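Computed from a predicted model, the values in this text were never measured in an experiment. Labels below follow one simple rule: chain letters A, B, ... track the order of the sequence lines, proteins then strands, and each chain is numbered from 1.
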Amino acid sequence: MKLYTRRRIVNAIALTLSVAATIFALFWLGWLLWTLTSRGIQSIDLAMFTERTPGPGDSGGLANAIVGSLMLTGLGVAVGTPLGILAGTYLAEYSGGSRLATSVRFVNDILLSAPSIVLGVFIYELVVLRSGHFSGWAGGLALALIVIPIVVRTTEDILRLVPASLREAAAALGAPYWRVVVSVVYRSARVGMLTGVLLAIARISGETAPLLFTALNNQFWSLDMGQPMANLPVVIFQYAMGPYADWHDLAWGGALLITFSILLLSIIVRILGRTSNPGN
Amino acid sequence: MSSGAEIAEAGIAAMDPAEARAGVARRLRRGRIIDRWFARLTWLSGMAVLALVLAIAGALLVGALPIIDRFGLDFLASRHWNPVSEQFGAFTSIVGTLVTSAIAIVIAVPVSLGVSLFITELAPGWLKRPVGTAVELLAAIPSIIYGMWGLFVFAPYFADHVQPWMNDRLAGVPGLGSLLTGPPFGIGVLTAGLILAIMIIPFIAAVMRDVFEAVPAVLKESAYGLGATTWEVFRTVTLRYTKAGIVGGVMLGLGRALGETMAVTFVIGNSHELHASLFMPGNTISSTLANEFNEATGQMYTSALIALGLILFFITFLVLAVARLMLLRMRAGEGKTS
């Protein structure tokens with residue numbers, strides 16, 4: 001009986017530690033969100049959305065950074081999504097498990113896990129050095145490099161879930177294979193594919209590192225993709241590292257805005273994810 | 001989908017059977033041509049991904065050539081980093097990257113084990129999903145937010161309350177004594193490692209949860225049937241069955257920690273010196289890049305930073321390769337004793 005008691009005690013300790021670990025993890029989430037809300041909420045006002053980023057001692061908002069972030073994210077998604085979907089289609093529909101496809105899959109995983117700052121360095125060498133200046137194009141392309149592997153992965157995974165009987169039924173009606181893919185496979189997998197794109201948007205909208213030496217920043221209103229472009233993450237970085245209290249306030253406001261947009265997106269992705277299985 | 005129906009309609013509507021047959025043949029031919037081009041387009045996109053990664057590796061290598069030419073392998077081993085006299089060595093950055101990631105792994109792995117044990121075995125049904133979602137939200141928060149919070153909220157608290165306490169308690173302890181004591185700055189290598197740990201918990205926990213759920217229920221039930229406690233089943237059945245998968249998950253988390261930039265840049269202090277104490281400021285490859293790339297003047301300085309990027313790319317590639325190997329091995333070994 002003594003051994004039994006000891007085993008039960010060990011069990012109780014282990015399970016308590018497990019609960020403690022969970023509380024530990026959730027504690028940080030709570031602390032982070034509390035900090036963000038309590039410090040950021042005061043700077044969220046109309047001026048934040050209508051005025052441009054201020055210089056030292058000025059007052060202002062984040063309007064140009066918000067617009068810039070939307071444009072850079074838009075470019076990243078516009079470039080990355082078609083390429084990602086087509087490459088994912090290749091892997092799921094056309095490759096037939098060849099060795100080449102295995103390499104593409106592995107290389108895609110490398111891109112997926114590559115540190116985003118390294119992607120920034122690559123675009124710097126490729127675009128910024130050649131064109132001679134920082135630009136919105138460079139920033140958007142750096143973000144596209146993050147979008148591509150995410151979309152490739154989710155597209156392949158979701159297309160593989162489409163039952164083969166659907167493809168066979170369409171083929172039996174005499175449809176050529178591209179029609180089978182576009183009108184049957186894509187259609188039944190579209191929620192899942194959309195989930196992948198939303199996931200990619202959530203990933204890139206907070207990315208700072210790849211923008212530091214591609215899009216840089218711009219204190220002024222500019223919609224010119226050929227020029228350095230203001231964007232929320234880099235503005236937050238510069239204002240947070242800056243010496244002025246009102247810069248810090250604006251940085252917290254921007255941080256709150258970005259985080260809650262991303263959390264909202266993530267929750268939408270999860271809700272979509274529950275209904276995205278094309279087998280149903 | 002519609003083309004089958006259209007072909008049939010065309011067949012019915014056409015008066016002349018020969019003309020109808022020609023129409024069908026035309027459609028078939030057109031379908032085959034588009035088919036070929038669509039297949040080529042997808043193939044091309046796949047190759048574009050392949051080419052992209054090769055181009056990244058190639059461009060980094062080319063950018064790093066001047067430094068490789070000048071310093072060779074000394075670049076890896078040298079501790080000196082002085083842009084003014086053009087002395088460049090990657091040693092402190094590499095050590096900083098490895099040390100902060102090691103701290104993160106040491107903290108995050110047991111916590112992730114506990115979290116995924118809780119979610120898969122202990123939590124009542126209604127609690128599983130909310131807790132799982134909340135832990136995953138930790139991964140959705142951008143790293144710059146962790147950095148700001150670390151610098152403005154966590155570091156001051158750490159300096160005022162935790163570090164003095166550690167200095168009092170750990171000063172005489174052999175081994176830990178010199179590592180975990182020092183001036184209470186708040187920011188430093190230890191703080192960076194701690195924040196990295198919080199950031200990678202969701203990644204490791206997600207993989208662990210998936211592999212734990214892949215353990216066949218019948219294995220666990222037979223252990224329960226022999227009278228094992230929950231913990232014993234976890235330790236002797238689940239952990240043993242999922243060993244390779246767990247290592248894979250840890251490696252994925254490690255890959256994240258190695259490449260993480262903004263959070264570390266905010267809190268590590270950015271100093272090119274090595275110290276025995278983890279309380280002291282340091283740097284990592286990514287924080288050096290984030291801090292200095294835009295200010296780098298001169299070919300050598302830029303080349304040194306690109307070379308750092310190449311090293312980081314290579315390290316994360318190695319870690320990913322190991323992670324993939326382990327996850328594959330687990331899938332291959334499913335159902336066998338290992």
For A:Arg203 and B:Arg256 the tightest heavy-atom approach is NH1-NH2, 3.6 Å
- Item | A:Ile258 side chain near B:Pro142 side chain, heavy-atom distance below 4.5 Å | yes
Does A:Leu86 reach the side chain of B:Phe38, with side-chain heavy atoms less than 4.5 Å apart?
yes
Greatest number of non-hydrogen atom pairs under 4.5 angstrom with chain B, of A:Ile236, A:Asp109, A:Leu111, falls to A:Asp109
To the nearest 0.5 Å, atom CZ of A:Phe24 lies from atom CD1 of B:Ile198 at 6.5 Å
The interface call for A:Thr35 against chain B, heavy-atom contacts under 4.5 Å, is side chain
In this structure, CG of A:Leu232 is separated from CD1 of B:Ile144 (nearest 0.5 Å) by 9.5 Å
If one checks every heavy atom of A:Phe237 against chain B at 4.5 Å, the contacting part turns out to be both
Pair count under 4.5 Å, heavy atoms only, with chain A: among B:Met47, B:Arg129, B:Glu260, highest is B:Arg129
Residue from B:Ile285, B:Leu54, B:Leu289 scoring the most non-hydrogen pairs under 4.5 Å with chain A is B:Leu289
Under 4.5 Å to a heavy atom of chain B? For A:Leu36 that would be side chain
Cut-off 4.5 Å, heavy atoms of chain B, and the answer for A:Ile262 is side chain
Pair count under 4.5 Å, heavy atoms only, with chain B: among A:Gly206, A:Ser18, A:Ala12, highest is A:Ser18
Whatever's closer than 4.5 Å to a heavy atom in chain B on A:Tyr177 counts as both
If one checks every heavy atom of A:Ala202 against chain B at 4.5 Å, the contacting part turns out to be neither
A:Ala87 and B:Ser45 have their tightest heavy-atom pair at N-CB, 3.5 Å
One should read off an interatomic distance between A:Leu33 CG and B:Trp149 CH2, to the nearest 0.5 angstrom, of 11.0 Å
Checked B:Leu41, B:Asn294, B:Leu308, B:Val49 vs chain A; the most non-hydrogen pairs under 4.5 Å come from B:Asn294
Test side chain to side chain contact (heavy atoms under 4.5 Å, CB included), reference A:Pro115, set B:Thr316, B:Leu258, B:Ile315, output is B:Thr316
Okay, A:Leu112 and chain B: the region with an atom under 4.5 Å from a heavy atom over there is backbone
Max heavy-atom pairs within cutoff under 4.5 Å with chain B, candidates A:Ala240, A:Ala171, A:Pro233, goes to A:Ala240
When the 4.5 angstrom heavy-atom criterion is applied to A:Leu216 and chain B, the contacting part is side chain
Whatever's closer than 4.5 Å to a heavy atom in chain A on B:Met262 counts as side chain
On a heavy-atom basis, the closest approach of A:Ala255 and B:Met148 is CB-SD, 4.1 Å
Cut-off 4.5 Å, heavy atoms of chain A, and the answer for B:Phe266 is both
If one checks every heavy atom of A:Leu145 against chain B at 4.5 Å, the contacting part turns out to be side chain
If one checks every heavy atom of A:Leu91 against chain B at 4.5 Å, the contacting part turns out to be neither
Counting heavy-atom pairs under 4.5 angstrom with chain A, the leader among B:Ala39, B:Gly309, B:Ala108 is B:Ala39
Whatever's closer than 4.5 Å to a heavy atom in chain A on B:Ala323 counts as neither
Honestly, the part of B:Thr230 sitting under 4.5 Å from a heavy atom of chain A is both
Turns out that what part of B:Arg235 lies under 4.5 Å from chain A's heavy atoms comes down to neither
**Message:** Can you confirm whether more than 12 heavy atoms, excluding those of A:Arg153, are under 6.0 Å from its CZ atom?
**Reply:** no
Worksheet item: Are any of the side-chain heavy atoms of A:Ile117 and B:Phe293 separated by less than 4.5 Å?
Response: no
Bottom line for A:Ser113: the part with an atom under 4.5 Å from chain B's heavy atoms is both
If one checks every heavy atom of A:Ala251 against chain B at 4.5 Å, the contacting part turns out to be both
Applying a strict 4.5 Å limit to non-hydrogen atoms, the region of B:Ala290 in contact with chain A is both
Next on the checklist: Does the plane of the ring in B:Phe152 sit parallel, tilted or perpendicular to the ring in A:His248? Use 30° and 60° as the thresholds.
Outcome noted: tilted
May I ask you to check whether over 12 heavy atoms, not counting those of A:Phe27, lie within 6.0 Å of atom CZ? yes
Okay, B:Leu137 and chain A: the region with an atom under 4.5 Å from a heavy atom over there is both
Can you tell me if CZ on A:Arg8 sees more than 12 non-hydrogen neighbours from other groups inside 6.0 Å?
no
Would you indicate whether B:Phe314, at its atom CZ, is surrounded by more than 12 heavy atoms from other residues, nucleotides or ligands within a distance under 6.0 Å?
no
When the 4.5 angstrom heavy-atom criterion is applied to B:Leu320 and chain A, the contacting part is side chain
If one checks every heavy atom of A:Leu15 against chain B at 4.5 Å, the contacting part turns out to be both
Value for CG (A:Asn11) from CZ (B:Phe234), rounded to nearest 0.5 Å, stands at 12.0 Å
Chain A shares the most heavy-atom pairs under 4.5 Å, among B:Leu151, B:Ile141, B:Val62, B:Ile201, with B:Ile141
Shortest non-hydrogen pair, B:Gly114 vs A:Thr22, comes out as O-OG1, 4.1 Å
Under 4.5 Å to a heavy atom of chain A? For B:Phe118 that would be both
Greatest number of non-hydrogen atom pairs under 4.5 angstrom with chain B, of A:Leu212, A:Leu265, A:Leu32, A:Val152, falls to A:Leu32
Applying a strict 4.5 Å limit to non-hydrogen atoms, the region of B:Leu117 in contact with chain A is both
Q: Answer with yes or no after comparing the ring centroid distance for B:Phe154 and A:Trp28 against a 6.0 Å cut-off, counting only values under it.
A: yes
Turns out that what part of B:Phe203 lies under 4.5 Å from chain A's heavy atoms comes down to neither
Looking only at B:Val135, B:Leu60, B:Ile119, most heavy-atom pairs under 4.5 Å shared with chain A are made by B:Leu60
Tightest non-hydrogen contact, residues B:Ala48 and A:Leu83, listed as CB-CD1, 4.0 Å
Honestly, the part of A:Leu100 sitting under 4.5 Å from a heavy atom of chain B is side chain
The reported gap from CD in A:Glu207 to OG1 in B:Thr261 (rounded to nearest 0.5 angstrom) is 8.0 Å
Review point. Can you check whether A:Trp178 and B:Trp37 have ring centres sitting under 6.0 Å from each other?
Key: no
Interatomic distance, CG@A:Leu26 vs CG@B:Leu138, rounded to 0.5 Å, equals 7.5 Å
Whatever's closer than 4.5 Å to a heavy atom in chain A on B:Ser116 counts as neither
Closest non-hydrogen contact found for B:Ala55 with A:Phe122 is O-CE1, 3.6 Å
